[in-house]
Number of protein chains: 2
Amino acid sequence: MHRCLVCEIRDQSVCRAIDDEDLVVLAKSSKQLSLPPNTTLIEEGSAATAFFNVTAGTVKLFKSLPDGRRQITGFADVGHFLGLTNAGTYSFGAETVDTVQVCRFMRPQLETLLADYPQFERRLLAEVTDELAEAQEQMLLLGRKTARERVASFLLARMIHRPCQTTGEENRVSLPMTRVDIADYLGLTIETVSRTISALRRDHIITGTDHHGIRVLSPSRLRGLASGQENA
Amino acid sequence: MHRCLVCEIRDQSVCRAIDDEDLVVLAKSSKQLSLPPNTTLIEEGSAATAFFNVTAGTVKLFKSLPDGRRQITGFADVGHFLGLTNAGTYSFGAETVDTVQVCRFMRPQLETLLADYPQFERRLLAEVTDELAEAQEQMLLLGRKTARERVASFLLARMIHRPCQTTGEENRVSLPMTRVDIADYLGLTIETVSRTISALRRDHIITGTDHHGIRVLSPSRLRGLASGQENA
DNA sequence: GCTTGTCTTTGATTTATATCAAAAATCACA
DNA sequence: TGTGATTTTTGATATAAATCAAAGACAAGC
């Protein structure tokens with residue numbers, strides 16, 4: 001009995017491309033790791049030797065400038081595959097946000113899998129295509145949206161992508177990352193993020209005082225804001 | 001004698017995945033089109049039925065907000081493949097910048113090609129991976145760079161990617177797009193782009209008065225600026 | 001070769017967000 | 001449970017880039 005066979009998130013990841021009878025190959029190709037918060041998974045510019053499949057928690061992906069300015073390009077959560085690159089080195093860094101579980105594939109094993117299972121490659125293409133569409137959406141946000149629109153877009157995206165109904169509360173949005181991370185993701189400063197969240201609370205669009213979670217009171221107004229419709 | 005066999009840019013595009021003897025299949029799967037400047041290739045949100053391979057000229061890809069704000073997410077030139085999406089509709093628009101030649105694939109033909117030629121899919125994965133890396137670099141630009149750094153990055157990227165040494169002039173950069181397009185690509189206004197280019201000229205980092213081309217005098221200073229090293 | 005419209009540049013002013021500063025809340029750990 | 005460190009919030013001020021405005025340069029068509 002190997003772990004891929006009992007993996008609960010298999011159908012949320014590229015691993016669903018592999019049939020049950022071949023799962024043992026997958027299990028042997030990868031190694032499961034559990035990582036504490038703020039662990040470096042990928043060092044920007046280092047040799048691209050490993051690939052990761054996130055099975056629990058959230059990973060932040062980012063690029064930096066020499067003087068320390070940083071742009072988080074995405075948050076990778078359950079099911080996300082990380083590390084693909086055409087160059088021999090990673091063009092981005094990756095760090096855990098909270099406690100994270102990943103399956104790590106080393107390059108030779110991954111290449112064997114890709115060669116042996118065309119459906120695996122097909123799934124990877126679909127995943128990268130999806131990530132590209134998300135990146136384009138984020139470019140629109142970074143280049144053309146106001147601070148209020150950016151924060152609204154962020155909260156909305158998390159509400160839609162991450163239905164954390166486990167608490168029973170309706171429209172609850174969990175924010176495991178710090179304000180610094182949110183600011184670096186939205187191209188703002190922490191002060192602006194904080195002020196904007198406070199303003200949305202004041203306007204009764206969201207509620208909740210917990211720093212790492214809010215509740216959306218008016219999804220429709222949030223949606224309006226996120227798409228730049230108004231200032232309401 | 002079909003056109004793919006004599007195609008001069010085949011090895012710059014995904015088509016290099018297809019062997020010479022199978023090229024006739026490729027030629028039959030696609031249709032060559034010649035398009036004047038400012039032609040809409042892809043309407044944002046329309047059904048994704050066609051895919052394009054650019055064989056000459058430059059295409060701009062963009063996303064818009066309801067009130068008309070626009071973000072150009074990339075310029076696709078020779079060899080670029082356009083139109084992939086997981087949803088049934090395009091999440092972005094595409095318009096020609098100058099006179100453009102494309103080979104158009106309709107969805108069923110493309111799917112047949114993908115199924116029959118795994119190397120074709122492999123090439124596509126590499127191309128999308130590359131585009132994602134570029135998108136991440138652009139997110140860093142949009143979220144964290146100053147106007148001066150953005151313009152420097154843009155000019156530098158075009159100098160490196162598009163060596164237009166045909167004119168004989170060293171380090172010549174061609175800018176077929178308008179200031180509006182450059183501004184919408186860099187997340188700035190046309191006035192800021194214009195002022196910044198003038199400032200770089202004043203600082204003897206670039207030269208040339210032609211609106212659609214400049215010459216880089218100091219690639220090293222431009223590189224420094226683009227990576228945020230200084231203000232020189 | 002002139003005229004008309006478009007694109008680009010330059011200038012003056014405004015503004016959204018950054019920066020600087022400090023208080024309040026939360027967290028970690030003894 | 002208390003204490004110091006960290007994170008978040010709020011406030012005052014500064015600033016880079018946007019906006020508003022107009023002049024110059026260029027391109028296309030007659």
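Scope of the values below: all heavy atoms of this structure, side chains included, with no hydrogens, waters or symmetry mates. Within every chain, numbering begins at 1; the chains are lettered A, B, ... in the order of the sequence lines, protein sequences first and strands thereafter.
Counting any heavy atom pair closer than 4.0 Å across all strands shown, A:T189 reaches a base atom. Residue contacts shown for A:S194 include a base, since a base heavy atom lies under 4.0 Å away.
Nucleotides of DNA chain C nearest to A:R195 and B:V193 differ in position, and the one nearer the 5' end is that of B:V193. Between A:T192 and A:R144, the residue anchored nearer the 5' end of DNA chain D, judged by the nucleotide with its closest heavy atom, is A:T192.
A salt bridge links A:E149 with B:R69: the closest approach of a Lys/Arg side-chain nitrogen to an acidic carboxylate oxygen falls below 4.0 angstrom.
Judged by atom type and distance alone, A:R179 does not reach the base of D:dT10 through any side-chain donor-acceptor pair under 3.5 Å. Counting atom types as modelled, A:R201 pairs no side-chain N or O with a base atom of D:dT10 as donor and acceptor under 3.5 Å.
A side-chain donor-acceptor contact under 3.5 Å links B:S30 and B:R3. Side-chain polar atoms of A:S91 and A:K63 form no donor-acceptor pair below 3.5 angstrom.
A:E149 has its CD atom 9 Å from the P atom of C:dT17, to the nearest Å. Atoms CD1 (A:I190) and C1' (D:dT7) sit 8 Å apart, rounded to a whole Å. The separation between A:I197 atom CD1 and D:dT7 atom P is 16 Å, rounded to whole Å. Atom CD1 of A:I214 and atom C1' of D:dT9 are 16 Å apart (whole Å). As a whole-Å value, the separation of A:D184 CG from C:dA18 C1' is 14 Å. Distance CD (B:E191) to P (C:dT15): 16 Å, rounded to an integer number of Å. The distance between atom CG of B:D210 and atom C1' of C:dT8, rounded to the nearest whole Å, is 12 Å. The nearest whole Å value for the distance from the CG atom in A:N38 to the C1' atom in C:dA28 is 14 Å.
The listed nucleotides are D:dA17, C:dT8, C:dT17; the one nearest the side chain of B:H211 is C:dT8.
For D:dT10, one of the phosphate oxygens OP1 or OP2 lies less than 4.0 angstrom from a side-chain nitrogen or oxygen of A:S198.
The side-chain tip of B:R70 points at the ring of B:F62 from less than 6.0 angstrom away and within 45° of straight on.
Aromatic rings from B:F52 and B:F81 are positioned such that their centres are separated by 6.0 Å or more.
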